[in-house]
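Take a look at the structure below.
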Amino acid sequence: MTKTIVITVSPSGESRVQTHGFLGAACQAASRFIELALGNRLGELLTHEFHLPQQTSQQQTQGNGQS
Amino acid sequence: MSHIVTIKTEVRDAHAVRAACQRLHLPQPTHGNHQMFSGHVEGLAVQLPNWRYPVVCHLPTGELHFDNFSGRWGDSHHLDQFKQAYAVEKAKIEARRQGHSVSEQLLSDGSVKLTIQVAS
């Protein structure tokens, strides 16, 4: 999945930073450099994807065909 | 999306200030001790259109010092434009410094949307 950071700067100069394509807390690490560069954090909203695990490991056991 | 953060812009980067001035076709900022109505202020001065006094950027704190007498000595809209231009240019500088590509789009409400493609 393509990872992007979207920054919307309002006409009054306030910025909103959104991350897309990241799972778990990786989004915070990814956008941290922009947040620090722009200024002072006023608030943060965590979305559903933030609470998903960063990596999903799937283990498949294949049966031997016998019922 | 994963998280959304709202940020109040702090003007701390002289290079981004210069880029913002260029973006808005303003004179280049000047560093020094500047006369304001309330006294002298040290910092990087930006001369906004039709403002009696410059807006002085105190880079160590990110604060802006200005005297516009509630709009009588300068339209606040110009100050907002400068803050927006600074945030846009600063974000572009930092994204490119990290090796990412950036695209820019002007939205119908006057906001500027930057999309940073994170380099893998």
Side-chain angles (χ1 to χ4, degrees), chain A, chain B residues 1-13 15-16 20 23-24 55 57 59 61-64 76-120:
Chain A
M1 185 184 293
T2 305
K3 295 181 172 68
T4 59
I5 302 169
V6 177
I7 305 162
T8 307
V9 186
S10 74
S12 64
E14 196 174 272
S15 301
R16 190 178 69 211
V17 180
Q18 298 171 274
T19 51
H20 297 267
F22 296 90
L23 292 178
C27 60
Q28 291 178 320
S31 66
R32 191 82 181 126
F33 77 97
I34 279 291
E35 295 169 25
L36 288 172
L38 287 176
N40 187 27
R41 262 193 183 196
L42 296 177
E44 181 178 24
L45 174 66
L46 303 178
T47 64
H48 166 72
E49 285 79 6
F50 180 85
H51 300 287
L52 293 176
Q54 281 179 249
Q55 290 178 349
T56 55
S57 56
Q58 290 181 331
Q59 289 181 326
Q60 288 182 322
T61 48
Q62 292 183 326
N64 58 9
Q66 294 180 348
S67 55
Chain B
M1 65 186 82
S2 307
H3 82 310
I4 306 167
V5 176
T6 308
I7 295 167
K8 178 174 177 283
T9 299
E10 291 179 341
V11 179
R12 293 176 178 268
D13 183 343
H15 185 53
R23 181 186 178 94
L24 297 174
V55 173
C57 310
L59 301 182
T61 60
E63 291 177 357
L64 298 177
S76 297
H77 171 68
H78 293 302
L79 179 58
D80 288 343
Q81 273 192 321
F82 170 73
K83 287 192 284 186
Q84 183 189 51
Y86 172 84
V88 168
E89 293 300 322
K90 177 63 174 173
K92 285 160 62 175
I93 288 168
E94 293 301 319
R96 288 170 181 152
R97 190 173 287 170
Q98 296 283 325
H100 306 318
S101 61
V102 188
S103 62
E104 183 178 328
Q105 181 186 357
L106 180 63
L107 303 180
S108 58
D109 67 350
S111 298
V112 176
K113 179 181 169 185
L114 298 174
T115 302
I116 300 173
Q117 298 283 346
V118 177
S120 52

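Here is the naming used below: chain letters follow the sequence lines, and residue numbers restart at 1 for every chain.
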**Item:** Check: A/T2 and B/Q117 side chains under 4.5 Å, non-hydrogen atoms
**Value:**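 In contact.
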
**Asked** Are side-chain heavy atoms of B/T6 and A/E14 found at a separation under 4.5 Å?
**Response**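 They are in side-chain contact.
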
**Message:** Tell me which of these, B/A91, B/G62, B/S103, has more heavy-atom pairs under 4.5 Å with chain A than the rest.
**Reply:**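 Looking at each of B/A91, B/G62, B/S103 in turn, B/A91 comes out on top.
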
How long is the straight-line distance from [atom2] of [Y] back to [atom1] of [X], given to the nearest 0.5 Å?
| X | Y | atom1 | atom2 | result |
| --- | --- | --- | --- | --- |
| B/E94 | A/I5 | CD | CD1 | 11.5 Å |
| B/D80 | A/S10 | CG | OG | 8.0 Å |
| B/H3 | A/E44 | NE2 | CD | 5.0 Å |
| B/I7 | A/N40 | CD1 | CG | 9.0 Å |
| B/K83 | A/S12 | NZ | OG | 6.5 Å |

**Request:** Inspect the surroundings of CZ in A/R16 and state if more than 12 heavy atoms from other residues, nucleotides or ligands are less than 6.0 Å away.
**Result:**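 No, the 6.0 Å shell around CZ holds no more than 12 heavy atoms from other groups.
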
**Item:** More than 12 heavy atoms from other groups under 6.0 Å of NZ on A/K3
**Value:**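 No, not enclosed.
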
**Prompt:** Who passes side-chain hydrogen bond (donor to acceptor under 3.5 Å, both in side chains) against A/T4, sequence neighbours left out?
**Reply:**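 Counting only residues at least two positions away or on another chain, A/T4 forms no side-chain hydrogen bond (donor to acceptor under 3.5 Å, both in side chains).
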
**Request:** Give the C-alpha distance, both sets of side-chain angles, the deciding distance and a yes or no for side chain to side chain contact (heavy atoms under 4.5 Å, CB included) between B/I116 and A/V6.
**Result:** CA-CA 6 Å; B/I116 300 173; A/V6 177; over 6 Å; no

**Candidates B/I4, B/L107, B/V112, B/T115 - the one meeting side-chain contact (heavy atoms from CB on, under 4.5 Å) with A/T8** =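 When side-chain contact (heavy atoms from CB on, under 4.5 Å) is applied between A/T8 and each of B/I4, B/L107, B/V112, B/T115, only B/L107 qualifies.
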
**Message:** Looking only at heavy atoms and a cut-off of under 4.5 Å, which of A/A37, A/P11, A/G13, A/G39 has the most pairs with chain B?
**Reply:**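 Of the candidates given, the most pairs with chain B belong to A/P11.
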
**Asked** Among pairs that include at least one residue of residues 96-120 of chain B, which meet ring-ring contact (aromatic ring centres under 6.0 Å, His included), considering only residues two or more places apart or in two chains?
**Response**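 Output for this query lists A/F33-B/H100.
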
**Request:** Let me know if B/Q98 has heavy atoms under 4.5 Å from chain A in its side chain, its backbone, both or neither.
**Result:**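 Answer is side chain: those atoms of B/Q98 sit under 4.5 Å from chain A.
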
**Prompt:** For B/D13, is it the side chain, the backbone, both or neither that has a heavy atom under 4.5 Å from a heavy atom of chain A?
**Reply:**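 Neither part; nothing is under 4.5 Å.
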
**Side-chain donor or acceptor of B/Q84 paired with backbone N/O of A/V9 under 3.5 Å** =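 Checking the backbone N and O of A/V9 against the side chain of B/Q84, a donor-acceptor pair under 3.5 Å is found.
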
**Asked** What do the steps show when you test B/K90 against A/L38 for side chain to side chain contact (heavy atoms under 4.5 Å, CB included), and what is the final call?
**Response** CA-CA 7 Å; B/K90 177 63 174 173; A/L38 287 176; 4.3 Å; yes

**Item:** Per-residue contact mode, A/S15 against chain B (heavy atom under 4.5 angstrom)
**Value:**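 For A/S15, backbone and side chain are both near chain B.
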
